[in-house]
There are 2 protein chains.
Amino acid sequence: MIEDRHSVVLSRLRDFVGGAELPDGGRLPPERELAESLDVGRTALRKALATLQAEGVVWRHVGKGTFAGERPMDTVADINAMVQRTNPLEVMGARIAFEPEVARCAALNATPSQIAELRSCMVKAQQAPTWRLYEQWDNRLHRLIGEASQNSLLLGLLDTLNAVRRAVTWGRLRDTPVRPPADHHSFEEHARIVEAIANRDGAAAADAMRKHLRSVESHLRDARG
Amino acid sequence: MIEDRHSVVLSRLRDFVGGAELPDGGRLPPERELAESLDVGRTALRKALATLQAEGVVWRHVGKGTFAGERPMDTVADINAMVQRTNPLEVMGARIAFEPEVARCAALNATPSQIAELRSCMVKAQQAPTWRLYEQWDNRLHRLIGEASQNSLLLGLLDTLNAVRRAVTWGRLRDTPVRPPADHHSFEEHARIVEAIANRDGAAAADAMRKHLRSVESHLRDARG
DNA sequence: ATTTTCAACCAATTTCCGATTGGTTCGAGA
DNA sequence: TCTCGAACCAATCGGAAATTGGTTGAAAAT
């Protein structure tokens, strides 16, 4: 009669979590206490708790306890926390996954004046007299694309991504007095992106952005590897 | 000769922060140690530190210490700000742009145990006895896909997006005792996504996720007019 | 007189250690 | 075969103690 034993413990448990209001936010007593109070072995109790957890009625965490209801989510996007967990390779991966789709949206939604601004920004980047200024205009170009998507949420996510990127690659700023070479690979890639957006070609914009970021990634690899 | 004394301490300090690489992230020794090591009174040292802080060369915080460089910014992405600016349509647009690419990464990076978890979660969603529980398992499924991407930054961005989504669609939860119909459109769509991930087919995973979200979007439109 | 120094204290923060808790293993026993 | 009890593990929590920048006041030095 294994099934009987299990069912009995289960129903007693259900009564416990449903019947009484748990004093602390949905938290129920530790397994050892609960086992004794229900006059059951800890093993059987844990088996029943596992069932309830599979049903989504309770959730557990080592060191915290067992709780009734839904598992609470992290509602704060702490950029510092992301920076702690991530690394430059992941950041590049996230950019390659995310920014091409932003560019696709931009191609479909950009206003003519935004397209003009994109072109202007691109030229400014090409004429930048130093690497630092070039990167400044490059950043602005990528953010303008986010603005051109006309989706404030996408823009917010892009800003978050950039904040993490800046934090992770901190100190890697090139501050040489040299200017980027006239045949810098990014120039043509930027042009392709902007033209695709101007042509309202979402697929081409996404593709050009992906190629651009992959190019940046490979150059990063060369520089450091 | 007040000025002289001050200047001497200042220059010695500047040498200290500029000359040697600080072992811990820009942190320099506590004032009491530093004062002794520089053979200066703590008062004089603090005066010099105040000058450096005014120049932005160092920053200090009670209980933490004194650090070289710029004070790190308050880096919590303000979800509330995004919620203020956006709307449900934008949220859906952002999901359609973002989540398919996350699914693509998941297809390439998921571990076998994560794939098993995805399948289990999908079944749980199909068997959910109420709409609320279904949405709970649906949310978990989408987040599991984010975890399976093995990119903590993508996961962080996904969590941010979900936090905004929850805030925007708050109060729209269906809590009817009815269960989702057995032929609910999402069931087959979920299956397609999970199978594409299991087959390591990134393109198919992205495509299935996009179709799924578009389907959700159209049903939202129908429901709310 | 004015400034510097020193000691003591305050409040914010970190660090450390012990207690708690879910997760796991193992052998005895029903 | 399953259950029970015990022991142990790793993650977490809680609080005491140490650390640290900030402040005050009296003594000492100039």
Side-chain angles (χ1 to χ4, degrees), chain A residues 1-10 12-13 16-17 22-74 78 80-81 84-85, chain B residues 1-10 12-13 16-17 22-72 74 113 117:
Chain A
M1 303 310 161
I2 302 108
E3 204 55 18
D4 276 355
R5 186 83 178 111
H6 192 189
S7 303
V8 167
V9 180
L10 249 179
R12 271 202 256 182
L13 244 188
F16 189 93
V17 308
L22 293 321
D24 188 18
R27 178 178 191 172
L28 45 97
E31 294 182 354
R32 291 160 178 87
E33 284 182 28
L34 197 51
E36 190 178 9
S37 99
L38 293 184
D39 199 26
V40 194
R42 198 177 159 219
T43 312
L45 173 65
R46 281 184 56 72
K47 200 165 281 188
L49 279 176
T51 303
L52 289 191
Q53 186 177 31
E55 292 175 3
V57 178
V58 302
W59 62 275
R60 305 183 273 179
H61 195 302
V62 193
K64 278 180 165 159
T66 306
F67 301 81
E70 301 180 9
R71 167 186 263 106
M73 298 277 296
D74 282 349
D78 187 353
N80 283 327
Q84 297 292 331
R85 294 194 192 87
Chain B
M1 307 307 166
I2 301 109
E3 204 55 19
D4 275 356
R5 186 85 178 111
H6 192 188
S7 304
V8 167
V9 180
L10 250 179
R12 270 201 256 182
L13 245 187
F16 190 93
V17 309
L22 292 321
D24 191 15
R27 179 178 191 173
L28 45 96
E31 293 182 353
R32 290 160 178 87
E33 284 183 28
L34 197 51
E36 189 179 9
S37 101
L38 293 184
D39 200 26
V40 192
R42 196 177 161 216
T43 312
L45 173 65
R46 281 184 57 73
K47 199 165 284 188
L49 280 176
T51 303
L52 289 192
Q53 186 177 31
E55 293 176 1
V57 178
V58 301
W59 63 276
R60 303 185 274 180
H61 194 301
V62 193
K64 278 181 163 152
T66 306
F67 300 80
E70 297 179 8
R71 160 185 271 109
D74 254 358
S113 80
E117 211 172 348

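Reminder, nothing fancy here: chain letters follow the sequence lines and each chain counts from 1.
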**Request:** Mind checking the CZ-CD spacing from A/R60 to A/Q53? Nearest 0.5 Å is all I need.
**Result:** 4.5 Å
**Request:** Determine, step by step, whether B/V17 and B/L28 satisfy the side-chain contact (heavy atoms from CB on, under 4.5 Å) criterion, reporting the C-alpha distance in whole Å, the side-chain angles of both residues, the deciding distance to 0.1 Å, and the verdict.
**Result:** CA-CA 8 Å; B/V17 309; B/L28 45 96; 3.7 Å; yes
**Contacts of B/E55 that satisfy side-chain hydrogen bond (donor to acceptor under 3.5 Å, both in side chains) - sequence neighbours left out** = B/R14
**Footprint string (nucleotides 9-25 of chain D, 5' to 3'): B base within contact, S backbone only, - free, heavy atoms under 4.0 Å** = -BBSS------BBBB--
**Prompt:** Heavy atoms, side chains only, cut-off 4.5 Å: are A/L49 and A/E31 in contact?
**Reply:** yes
**Item:** Donor-acceptor contact below 3.5 Å, side chain A/R12 vs main chain A/L38
**Value:** yes
**Asked** Could you state the CD-P distance from A/E36 to D/dA6, rounded to the nearest angstrom?
**Response** 11 Å
**Request:** Please state how far atom CG in A/L45 lies from atom P in D/dA6, giving the value in whole angstrom units.
**Result:** 16 Å
**Asked** Distance check: side-chain N/O of A/K47 vs OP1/OP2 of D/dT3, anything under 4.0 Å?
**Response** yes
